[in-house]
Amino acid sequence: MQWPCASVANADLRNRTTLHVGGPVEWLLEPADPDQLKEALVAARERGFEPRILGGGANVVIDDKGLAGVVITTERMDRIFRPLEPTGEDALESDIPTARVVHPDPALDPRLVVWAGAPLPKLCRAARDLGYSGLEKMAGVPGQVGGGIAMNAGGKDQDGTLWQMSDVVESIRVVDERGEYRDIGRAEWSPSYRDGNLEGSVITGAVLRFEPCSKVEVQEASKDYLRRKNKVQPVTEWSAGCVFKNPDPEVSDGRTAGLLVDQAGGKGRVRGDAIISERHGNFLVNRGKATASDVFGLIEEIQSLVAERFGIELECEVKLWRR
Ligand SMILES: Cc1cc2nc3c(=O)[nH]c(=O)nc-3n(C[C@H](O)[C@H](O)[C@H](O)COP(=O)(O)OP(=O)(O)OC[C@H]3O[C@@H](n4cnc5c(N)ncnc54)[C@H](O)[C@@H]3O)c2cc1C
């Protein structure tokens, strides 16, 4: 079958996820820029497939049996730009996806134009090097910009302050369900907790706005956050980040999903090579040879455990891609 971009038939997806489980997909499409992504989406839909979009695979669990149809990976769309002069909206809009670096002084226009496949850690480093504040707390969050926006990745500080990807988003560019480009400004976009609410649209890129700051301050804040994250999460092990969304604090008496799992006795529970981390109750770790069946089974077991103990239904944050 001919596709408008690089493609691989029967492509193994296991090592394209941070949990390292899952089987092959019938077709993996690898667009290298936004136009190719748009064409790939249109081509897949014309052939009767509704493609799934894979970013860094840091929040998905893929079925062992593999997937029918098409997965589009944004891995090759790894680009970060600074906006072109002049700084007016028109200039910026016409520049995605081909903006080039021009401002000698980054503080004059503290924005970045990013494509969906830019890795979040690389974006954090780019912002730090330019002295842009806004993403310090994303230090240590794997994945890509498209996945980060689609999931509205983020977290909560100990004092209750919420931070999320949408804090720095000025606008996103998507391909909508009709296969057309659409720019969505921050004011008309309604992301929520761990959900970009994109309604079937696929992100090709975004314009991000930061606060100018000193590089040293950004660096220190990022290091500090990373240190704290490393203490409480099994960041060096194979996982897909937090398995469950935190429930409504009114229902859970303010307890996070991780604490509920811990209090219900879920830490250390095992299925095959999948285990609930002893370090953090909301992290499921693959010790090496876990299968997706182990992972799906363990997730259901923990949901039942918490429901029986506290009457609370934990909703998955990770996306389960079943055949
Ligand atoms: C060690 C570790 C720590 C983590 N820490 C955090 C954390 O602190 N906070 C947090 O929120 N998350 C965290 N995560 C989860 C993960 O890093 C984030 O959810 C990240 O944003 C996922 O990005 P991704 O590119 O890997 O998305 P993927 O896992 O590839 O995809 C996730 C979802 O987004 C969709 N998607 C991906 N790209 C696009 C696109 N271009 N357009 C439309 N939809 C798209 C996919 O279809 C899928 O539904 C962690 C994960 C790990 C492994």
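When a ligand or atom number is given, it counts from 1 through the structure's own listing order. If you read the sequence from its start, that first residue is 1, and numbering goes on from there.
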Looking only at side-chain N and O atoms, does Asp64 offer a donor or acceptor that is under 3.5 Å from a partner on Ser293?
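Short answer, yes.
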
In a simple table, one pair per line, please give the protein and ligand 1 atom names for every N or O pair closer than 3.5 Å, along with the distance.
from: ligand 1; atom 1: 5 (N); to: Lys229; atom 2: NZ; distance (Å): 2.9
from: ligand 1; atom 1: 8 (O); to: Lys229; atom 2: NZ; distance (Å): 2.8
from: ligand 1; atom 1: 9 (N); to: Gly154; atom 2: O; distance (Å): 2.7
from: ligand 1; atom 1: 11 (O); to: Gly154; atom 2: N; distance (Å): 2.9
from: ligand 1; atom 1: 11 (O); to: Gly154; atom 2: O; distance (Å): 3.3
from: ligand 1; atom 1: 11 (O); to: Arg194; atom 2: NE; distance (Å): 3.2
from: ligand 1; atom 1: 17 (O); to: Pro142; atom 2: O; distance (Å): 2.7
from: ligand 1; atom 1: 19 (O); to: Asn59; atom 2: OD1; distance (Å): 3.1
from: ligand 1; atom 1: 21 (O); to: Gly148; atom 2: N; distance (Å): 3.4
from: ligand 1; atom 1: 25 (O); to: Gly56; atom 2: N; distance (Å): 2.8
from: ligand 1; atom 1: 25 (O); to: Gln144; atom 2: N; distance (Å): 2.9
from: ligand 1; atom 1: 26 (O); to: Gly56; atom 2: N; distance (Å): 3.2
from: ligand 1; atom 1: 26 (O); to: Gly57; atom 2: N; distance (Å): 3.1
from: ligand 1; atom 1: 26 (O); to: Ala58; atom 2: N; distance (Å): 2.8
from: ligand 1; atom 1: 29 (O); to: Ala58; atom 2: N; distance (Å): 3.1
from: ligand 1; atom 1: 29 (O); to: Asn59; atom 2: N; distance (Å): 2.8
from: ligand 1; atom 1: 30 (O); to: Gly55; atom 2: N; distance (Å): 2.7
from: ligand 1; atom 1: 30 (O); to: Gly56; atom 2: N; distance (Å): 3.4
from: ligand 1; atom 1: 30 (O); to: Gly57; atom 2: N; distance (Å): 2.9
from: ligand 1; atom 1: 38 (N); to: Gly147; atom 2: N; distance (Å): 3.4
from: ligand 1; atom 1: 41 (N); to: Ile203; atom 2: O; distance (Å): 3.0
from: ligand 1; atom 1: 42 (N); to: Ile203; atom 2: N; distance (Å): 2.9
from: ligand 1; atom 1: 47 (O); to: Ile53; atom 2: O; distance (Å): 2.6

Residues clustered with Leu260, ILVMFWY side-chain links under 4.5 angstrom
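Members alongside Leu260: Leu19, Val21, Val61, Val243, Phe244, Val251, Val261, Ile276, Leu284, Val295, Phe296, Leu298, Ile299, Ile302, Leu305, Val306, Phe310, Ile312, Leu314, Val318, Leu320.
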
Name the orientation class of the two ring planes belonging to Tyr225 and Trp163 (parallel below 30°, tilted from 30 to 60°, perpendicular beyond 60°).
perpendicular

Taking only Lys NZ, Arg NE, NH1 and NH2, and the carboxylate oxygens of Asp or Glu, determine whether Arg322 and Asp63 approach each other closer than 4.0 Å.
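Looking at Asp63 together with Arg322, the answer is no, because their closest N to O distance does not fall below 4.0 Å.
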
Pair Arg16 + Glu75: basic N to acidic O under 4.0 Å
yes

Do you know which two heavy atoms are closest between Asp176 and Ser201, and how far apart they sit?
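Here Asp176 and Ser201 meet closest at CA-OG, 3.6 Å.
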
